[in-house]
Amino acid sequence: MPDPYQVWLSEVMLQQTTVAAVAPRFQRFLGRFPTVAALAAAPAEAVMEEWAGLGYYARARALHAAARAIAAAGAFPPDAAGWRELPGIGPYTAAAVAAIALGQPEVPVDGNVERVVARLFAVTEPMPRAKKTLAALAQGFSSDPAMRARPGDFAQALFDLGATICTPKNPACALCPWREGCAGQAMAADLPVRAEKVPRPMRHGAHFLALDGAGRVLLGRRPGHGLLGGMADIPGTAWTGAPWTDAEALAEAPFAAPWAAVPGVALHGFTHFQLTMRLFWARVEIPGTNQDWRPLAEAARILPTVFRRLLVLAEGAGVR
DNA sequence: CAATCGTGGAT
DNA sequence: TATCCAAGATT
């Protein structure tokens with residue numbers, strides 16, 4: 001049976017994140033935190049840095065908290081209900097770990113399974129309202145002898161069916177082993193019915209890149225909750241609905257310095273808004289004592305992508 | 001229940 | 001280029 005720690009870690013990384021993006025990061029994470037004990041013993045900053053670029057940073061905070069809970073308990077939870085009580089473990093991940101790592105007859109319902117079931121039973125109720133219906137229908141797999149015999153492989157097979165045959169667009173129904181019992185085959189490409197999309201608003205920010213004489217940059221730290229919670233950042237203004245004038249932005253600078261505007265802007269898309277950032281930079285020859293100065297290459301490694309874009313903007317403008 | 005929470009790749 | 005969407009959880 002697979003190592004519960006590795007199954008748990010991979011399932012958390014795979015939440016809303018593609019296999020291609022996760023694969024190298026999973027190996028790197030395991031190299032740095034090989035066991036749940038090692039993860040529990042690590043400082044939070046190290047875990048957040050290792051997660052940089054993967055997105056949904058609440059996952060890393062919860063993963064770390066859960067590791068400490070497991071280490072304190074001295075053992076992994078024995079079943080899905082036990083896993084469900086840990087931070088960052090919802091219905092899907094609890095079922096996936098129980099099925100894959102513990103061999104227990106649970107049915108993890110992810111986006112793939114929802115799509116397969118919506119088509120198999122021709123569910124036309126729109127998402128996300130249909131989630132309850134789809135989850136209930138997916139529980140029907142619990143009586144399948146193949147599922148009882150090999151719950152982990154059954155779950156993996158369901159994921160693979162959704163990823164390679166029962167795909168969101170252009171499903172390959174002709175190749176599907178379940179096509180004969182599929183009530184939604186004729187309308188498969190239109191299921192599940194998605195809610196209408198809402199346009200993402202634009203927000204604006206201004207940030208301040210302080211460089212010392214040794215190629216180091218001054219980093220800040222985000223609050224431990226909410227957007228990018230717990231991550232390093234490049235200090236700046238709030239992200240507001242209206243652009244910042246130079247005067248307004250400079251009044252928000254973390255300290256007085258000969259700030260100069262970097263030409264151009266940096267753009268970044270979040271799930272629910274788009275961001276336009278301006279950048280000011282200054283050479284600061286007297287670093288403060290309790291401040292987080294990092295070489296540019298290191299900063300680029302530990303900053304979330306939104307702030308890496310500012311480093312790219314600066315480099316393109318010849319600022320270094 | 002609806003909103004929040006990142007990012008990169010595919011189309 | 002814009003949109004979609006990915007092995008979701010939390011509030």
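If you're wondering where the values come from, they're calculated on a predicted model, not measured in any experiment. Sequence lines set the chain letters: A, B, ... in the order given, protein chains first and strands last, and positions in each chain run from 1.
With a 4.5 Å cut-off between side-chain heavy atoms of Ile, Leu, Val, Met, Phe, Trp and Tyr, the cluster of Leu267(A) takes in Val265(A). The hydrophobic cluster containing Phe141(A), built from Ile/Leu/Val/Met/Phe/Trp/Tyr side-chain heavy atoms closer than 4.5 Å, also comprises Tyr92(A), Val107(A), Val109(A), Val113(A), Val116(A), Val117(A), Leu120(A), Phe121(A), Val123(A), Met127(A), Leu134(A), Leu137(A), Met147(A), Phe154(A), Leu158(A), Phe159(A), Leu161(A), Ile165(A), Leu175(A), Trp178(A). Members clustered with Met187(A): Leu191(A), Val193(A), by chain and number, using a 4.5 Å side-chain heavy-atom cutoff among hydrophobic residues.
Distances shown here put every side-chain N or O of His272(A) at or beyond 4.0 Å from the OP1 or OP2 atom of dA3(B). The phosphate of dT7(B) (OP1 or OP2) has a side-chain N or O of His268(A) nearer than 4.0 angstrom.
Residue pairs meeting the salt bridge (Lys or Arg N to Asp or Glu O under 4.0 Å) criterion with at least one partner in residues 137-152 of chain A, sequence neighbours excluded, are Arg150(A)-Asp153(A).
Within residues 22-29 of chain A, no residue has any heavy atom under 4.0 Å from DNA chain B. For DNA chain B, no neighbouring residue in residues 231-244 of chain A is found when judged by any heavy atom under 4.0 Å.
Arg283(A) meets the salt bridge (Lys or Arg N to Asp or Glu O under 4.0 Å) test with no other residue; sequence neighbours excluded. In terms of the ring-ring contact (aromatic ring centres under 6.0 Å, His included) criterion, Trp281(A) has no residue partners (sequence neighbours excluded). Every residue two or more places apart in sequence or in another chain that forms a side chain to side chain contact (heavy atoms under 4.5 Å, CB included) with Phe280(A) is listed here: Ala206(A), Phe208(A), Asp246(A), Ala249(A), Leu250(A), Trp259(A), Ala261(A), Arg278(A). Legend: residues meeting salt bridge (Lys or Arg N to Asp or Glu O under 4.0 Å) with Arg32(A), ordered by chain and number and at least two apart, are Glu50(A). The salt bridge (Lys or Arg N to Asp or Glu O under 4.0 Å) test applied to Arg308(A) returns no partner, not counting sequence neighbours.
Here Gly53(A) lies in heavy-atom contact (under 4.0 Å) with sugar-phosphate atoms only. Across all strands, Val12(A) comes closer than 4.0 Å to no nucleic acid atom at all (heavy-atom distances). No engagement by Pro128(A) is indicated, since no non-hydrogen atom pair under 4.0 Å with the nucleic acid exists.
For the C1' atoms, the distance linking dC4(C) with dG6(B) amounts to 15 Å, nearest Å. Of the C1' atoms belonging to dG9(B) and dA9(C), the separation is 23 Å, rounded to the nearest Å. Nucleotides dA7(C) and dT4(B) place their P atoms 24 Å apart, quoted to the nearest Å.
Rounded to an integer number of Å, the gap from CE of Met127(A) to P of dC1(B) is 12 Å. Distance Arg203(A) CZ to dG6(B) P: 12 Å, rounded to the nearest Å. Rounded to whole Å, the distance from CZ on Phe270(A) to P on dT4(B) is 13 Å. Atom CG in Leu267(A) sits roughly 16 Å away from atom C1' in dG6(B) (whole-Å rounding). Separating the CD atom of Gln274(A) from the P atom of dG6(B) is a distance of 16 Å, rounded to the nearest angstrom.
Under a cutoff of 6.0 Å and an axis angle of 45°, Arg200(A) and Phe273(A) do not form a cation-pi pair. Cation-pi check for Arg222(A) over Trp51(A) is not met; the charged atom does not lie both under 6.0 angstrom from the ring centroid and within 45 degrees of its normal.
Between Phe270(A) and Trp239(A), the ring planes are tilted. Angles from 30° to 60° get that label.
Positionally, the nearest nucleotide of DNA chain B for Lys132(A) lies more toward the 5' end than for the other of Leu228(A) and Lys132(A).
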_Walk along nucleotides 2-11 of chain C from 5' to 3' and tag each nucleotide B, S or - by protein heavy-atom contact under 4.0 Å, base first, then sugar-phosphate._
-SS-BBBSS-
